[in-house]
Every structure is written in C-alpha cells, then in structure tokens.
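Below, chain A is the first sequence line, B the second, and so on; all start at residue 1.
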There are 2 protein chains.
Amino acid sequence: MPRPRSLTQDQIAAAALAVIDRDGLAALSMRAVATELGMSAMALYRYVGDRQEVEGLVVELVLGGVDVSPPPGTSWRERVTTLVGRLRDQVGAHPHVVPLTMTHRHRSVGVLRWSEAVLGILTEAGLAGADRVIALRGLLSYVIGAVQLEHLGPLSGAGTTVIAGLAPADFPYMAETAGHARLVGADEEFYGGLAIVLRGMCDT
Amino acid sequence: MPRPRSLTQDQIAAAALAVIDRDGLAALSMRAVATELGMSAMALYRYVGDRQEVEGLVVELVLGGVDVSPPPGTSWRERVTTLVGRLRDQVGAHPHVVPLTMTHRHRSVGVLRWSEAVLGILTEAGLAGADRVIALRGLLSYVIGAVQLEHLGPLSGAGTTVIAGLAPADFPYMAETAGHARLVGADEEFYGGLAIVLRGMCDT
DNA sequence: ATCGTAGGTATATACCGTACGCCTACGAGG
DNA sequence: CCTCGTAGGCGTACGGTATATACCTACGAT
C-alpha cells in the first residue's frame, strides 16, 4: 500500500476542538482546522466527507470522554447524580461546543454508552418498560436543557439587560425571582433541579 | 418626514420564518429573506442591523405567539402542564426553528412573559424563594431539552441507525429500551416526563 | 528501479454576510 | 406648486465560507 495515513480522525477532532476553545465556535472552519494541523484545507477531505462530520467528531471527542462507570456503594439516586454531573462537567469544560452537542448528539456513541449506564441504574431502581423509557428521556431532557440554560443563558448579559430594562412592574414575579436567583449558585441550581427530577421518578 | 417605511420587522420575521419552514434552517440567508419579500438583500439592512437580529425576530415571532393566560379552574399542575404544552406546540409547529430558539431564547420577551405566568402558578402552589427559582429553571430545562430531543433526535433516522448497527450485545438495556420506546408515543413521553418533574417539585 | 495507489495541494465555483455609494421617492417648508 | 433634504432601496464589491475537480508527488509493494 502506498503512503500511510498521516492523520487520524481523533487528531482532526482535537484540532477542531482547540480552535473552538481558543477562538469560539464561529471560528470553526475547514481552513482553521487545516491551519491548526499545518495542512491545506482540502487535505481534510481525505479523512472526512464533510464539515458536519468534523463537528460530529468534536462532539464525540467531548462526550466520549465521560466516565460512565457507576460509583459503587451508594444509592441509585446518588449514582445517577454522579453520572449526570460528569456529563455536565465534561460539557462545561468546553462551553463553546454546547450548540454542537445538541445538533450531533444523536450520532454520538458516547451518549449511547452514557444512556446505557444510566438505564442500568434505573433498572436497579425498579423501573421497567414504558416507565423506564420515560424516565431516561426525562433525565436526558433535563440534562440537555440545563446545560444549555447554564452556558447559553446570560450571553454577554443580554438576557439580564432585557429583564432589567423592560418594565419591572409588568413582570413582578420575574423581578422578585431575579433577586433570589442571584443568590442561588449554578451548582445548587443544577443539582436542585436534578433532585426534583429524581424525586418525581419513582417512589422508592 | 420623507418616505414612510414600507416594511415592519414583523414582516421580515414572517418572511424569514416562511423561508425556514419551506427550505430548512440552512436556507435562511439575507438574500433568501429579501427575495421572499421581493426586495434587494441590502434593503433589509434599513430595518435590521444584522443577520442575528433577523434570527432573533423569528424566535420572537414563534415564541411570542404562545398564549400565557393560565386556564382557570384546574389544579396548579394542570395549569403548568397546559402552559408547557402550549410552548411545545408552538415550537413543534416550526421544527426547523428549534436550534434558533436556543441561541436567542434569552432575548425573547415571549419567554419572559411565559416564565412570568409560570412563576405565578408556582407561587400559588406554595413555592417561594430559592425553591421557586430552582423549580422554574428545572421546568425550563426540561422543556428546552425535551423539545430538542423530540425534534432533533432521529434526524433522518441517523440515530436509530447507530443504535441498530452498533453491537446490540454491548448495549443490552438500550436495545431492550428501544423496543419499548417504539410503543411510547411522543405525547406520552413528553407529558410523562413533565409529570415526573411536576411530581418532584413539591409535596402538595 | 518501477509502478500504481492514495496523500496533499492549487485552482475554481458558488454562495454567504455586509460595507459602500448611488439614485430616487417622498413629505414638509417656502 | 415647487424645491429640498431625508431616508428607502439597489448595485456593486470584498472577503469569507464549503467543496468539486484536476493535478503533482511521496511512498510501499513488486
């Protein structure tokens, strides 16, 4: 065989992630990734078919790094909380990737492995059939939404500006809540919401 | 004053939404919106500063259309369920807009009005202070995540393909769950998950 | 040493957002 | 009624994007 491959897809993913972490998601382009790798833009197309595929690789790199071995010797709720927390931490380490995780989540085997682990714990908790399906999807929904809310919320404080500038009298509850919200940390908020979901999931 | 404005921002938003609904989100461009309105691309910049602003207008158009008047004469859980359902329906009517709602959610007064209404119901339910903050954010997280899971999941069945093709023996729970999942309708799944969140939110 | 495969690059196309400059339609003041 | 200034709308141009195509070339097996 002629000329061995000089690049792996992981290297491409790592280069793309480096670009995103450094310059933001908008800076991700085939040219930028190629430059990061010291190659021509078109050279990438020997390894990926598409820009979309590069994005998928980045998501896989980020989401695949989650440790899905459940912590032993604790209650099922604590174990799920740990797995959820690890997912959150991994995404939180690369905030700019958040929008990508959404678009490419469904093709990630990392998410699949994570879901499999969570399903195992839910099964131990006594859930089965449709209840278990709904519980997993509910959990996934919460995590996806919460992570996005956390990282895409106050982008440059624009959200707060809208609240502050727009007739506080018309939004009395929001105004009051905003005061409380400042005192609630991100962790407390995230794990508090998670506790709500876990509490409602089954009786035991 | 010379020459009255011939366009409102709502017309631009409607045109952009029409493009998105017809040709998908990727087809959204200043040129496409302008063509939809029968104008030159640059004419839009008399009314909008930016492509981002157009996107914001679309989100506002979609999210602002949600009726936030709580249905009378029912329990607080039912009322929240109704408001959440209306939000889901509105977004569900324009699935291609989902990724935009995420990016521009924080600047939407529609979301603000919706949150205000939900907060009112939560207050009646006896929630206050940090609990209420966490409950609202938990609810928002669930809705955001669930809507995305619903509309961005099996994009052209790619997700299912991954599950099916990838060693069912390594993912026994996922394989089994997939069977159950096919029998659970989207509505059942969505409102089932919502019920979990509402159940865990407070005791009464 | 040679040859075919496949890596890498250079070029070209089509599209994008948008800065700039021009023409012109229009409403108010004389 | 006529004129004038403002601001609407458009044409062009620039720099960016993804990617198709065609080419040269480095390499490993023969």
Show which side-chain atoms of residues 90-100 of chain B pair as donor or acceptor with protein atoms under 3.5 Å away, not counting sequence neighbours.
unit_1: B:Gln90; atom_1: NE2; unit_2: B:Val62; atom_2: O; d: 3.3
unit_1: B:His94; atom_1: ND1; unit_2: B:Asp21; atom_2: OD1; d: 3.2
unit_1: B:His94; atom_1: ND1; unit_2: B:Asp21; atom_2: OD2; d: 2.7
unit_1: B:His96; atom_1: ND1; unit_2: B:Ile20; atom_2: O; d: 3.3

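Shown here are the salt bridge (Lys or Arg N to Asp or Glu O under 4.0 Å) partners of B:Arg199, two or more places apart in sequence or in another chain: there are none. For the salt bridge (Lys or Arg N to Asp or Glu O under 4.0 Å) test, residues two or more places apart in sequence or in another chain that qualify with B:Glu189 are A:Arg137. Not a single salt bridge (Lys or Arg N to Asp or Glu O under 4.0 Å) links A:Glu188 to another residue, sequence neighbours left out.
A salt bridge (charged side-chain N to carboxylate O under 4.0 Å, His left out) check over residues 76-87 of chain A, counting only residues at least two apart or in different chains, returns the pairs A:Asp67-A:Arg86, A:Arg79-A:Glu124.
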- Note on the structure: Heavy-atom contacts, protein to nucleotides 7-17 of chain C, under 4.0 Å, summarised as B (base), S (sugar-phosphate only) or - (none) per nt, yield BBBBB----BB
